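Predicted model only: the values in this text are computed from it and were never measured.
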Amino acid sequence: MPLRMLTGYGRHLIADRIGLSDIPEERAILVDGRDLDPPEAEFLRTARIRQRTVDDLDDLPDGPLYLHLDCDVVDPSDLPGLLFPAPGGPSLRTVSGAIRGIVDTGRVAAFGLACTWHNDHGAAARMRPLVDSV
């Protein structure tokens with residue numbers, strides 16, 4: 001999970017080699033994260049990362065935030081070609097609105113987007129407006 005690495009896991013693999021600092025877990029917001037592998041779910045149970053559903057992105061900590069979105073949160077009918085589709089998620093419009101609401105607080109210091117999809121299914125074009133607005 002890229003978010004886990006950004007908060008210090010496996011520093012010797014990348015961060016130490018290029019001089020990156022860890023993002024403090026309490027500053028990291030994971031937008032939803034509905035389709036987690038067992039090790040990811042276990043990590044999040046004990047981490048100080050705030051995992052919030054798209055409908056529950058209120059009550060965030062004061063100060064700068066790192067905002068992380070895995071695209072498989074979006075319902076695959078709205079984002080075609082995902083490598084790991086998870087049906088039943090919120091629409092791209094709903095996710096974009098939630099992200100925009102947090103960005104508009106002015107406290108987002110960095111935004112991470114984890115996207116894995118098949119080429120030529122249109123997912124990149126559908127994500128572009130969200131990326132461009134952040």
*Pairs meeting criterion side-chain hydrogen bond (donor to acceptor under 3.5 Å, both in side chains) with involvement of residues 57-86, two or more places apart*: Y66-H68, H68-D70, D75-S77
*A109: what forms a side-chain contact (heavy atoms from CB on, under 4.5 Å) with it, not counting sequence neighbours?*
P64
*asked:* Quick one, L6 and D22 - any side-chain contact, counting heavy atoms below 4.5 Å?
replied: no
*Could you check if a side-chain atom of L30 sits within less than 4.5 angstrom of a side-chain atom of R52, using non-hydrogen atoms only?*
no
*Taking the side chain as every heavy atom from C-beta outward, state whether T116 and C71 have any pair of such atoms under 4.5 Å apart.*
no
_Is there a path of hydrophobic side-chain contacts, each under 4.5 Å between heavy atoms, that joins L36 and M5?_
no
*asked:* Is it the case that over 12 heavy atoms from other parts of the model lie below 6.0 angstrom from the CZ atom of R93?
replied: no
_Minimum side-chain heavy-atom gap L60-R107 below 4.5 Å_ = yes
*Sidechain-backbone polar pair: R17 side chain, H12 backbone, donor-acceptor under 3.5 Å*: yes
_I want to check something: taking the side chain as every heavy atom from C-beta on, are S91 and V74 in contact at a cut-off of under 4.5 Å?_
no
*Once you round to the nearest 0.5 Å, how far does CD1 of I23 lie from OG1 of T7?*
7.5 Å
*Sequence neighbours excluded, every pair satisfying side-chain hydrogen bond (donor to acceptor under 3.5 Å, both in side chains) that has a member inside residues 125-134*: R100-S133
*Got a second to check how far T94's OG1 is from D55's CG, nearest 0.5 Å?*
7.5 Å
_Checking I18 now: which residues fulfil side-chain contact (heavy atoms from CB on, under 4.5 Å) with it, not counting sequence neighbours?_
I14, L20
_Close side-chain approach of P76 to P87, heavy-atom, < 4.5 Å_ = yes
*asked:* Could you tell me if the side chain of V31 sits less than 4.5 Å from the side chain of I99, heavy atoms only?
replied: yes
*Check whether any side-chain heavy atom of T53 lies under 4.5 Å from a side-chain heavy atom of P90, and answer yes or no.*
no
*Could you name each residue pair satisfying side-chain hydrogen bond (donor to acceptor under 3.5 Å, both in side chains) that touches residues 25-38, not counting sequence neighbours?*
E26-R48
*Atom of G33, atom of V73 and distance for their closest heavy-atom approach*: N-CG2, 3.4 Å
_ring-ring contact (aromatic ring centres under 6.0 Å, His included) contacts touching residues 103-127 (sequence neighbours left out)_ = H118-H121
*Would you say L67 and V131 are hydrophobically clustered, going by side-chain heavy atoms of ILVMFWY under 4.5 Å?*
yes
*Please indicate whether D16 has more than 12 foreign heavy atoms, meaning atoms of other residues, nucleotides or ligands, lying under 6.0 Å from its CG.*
yes
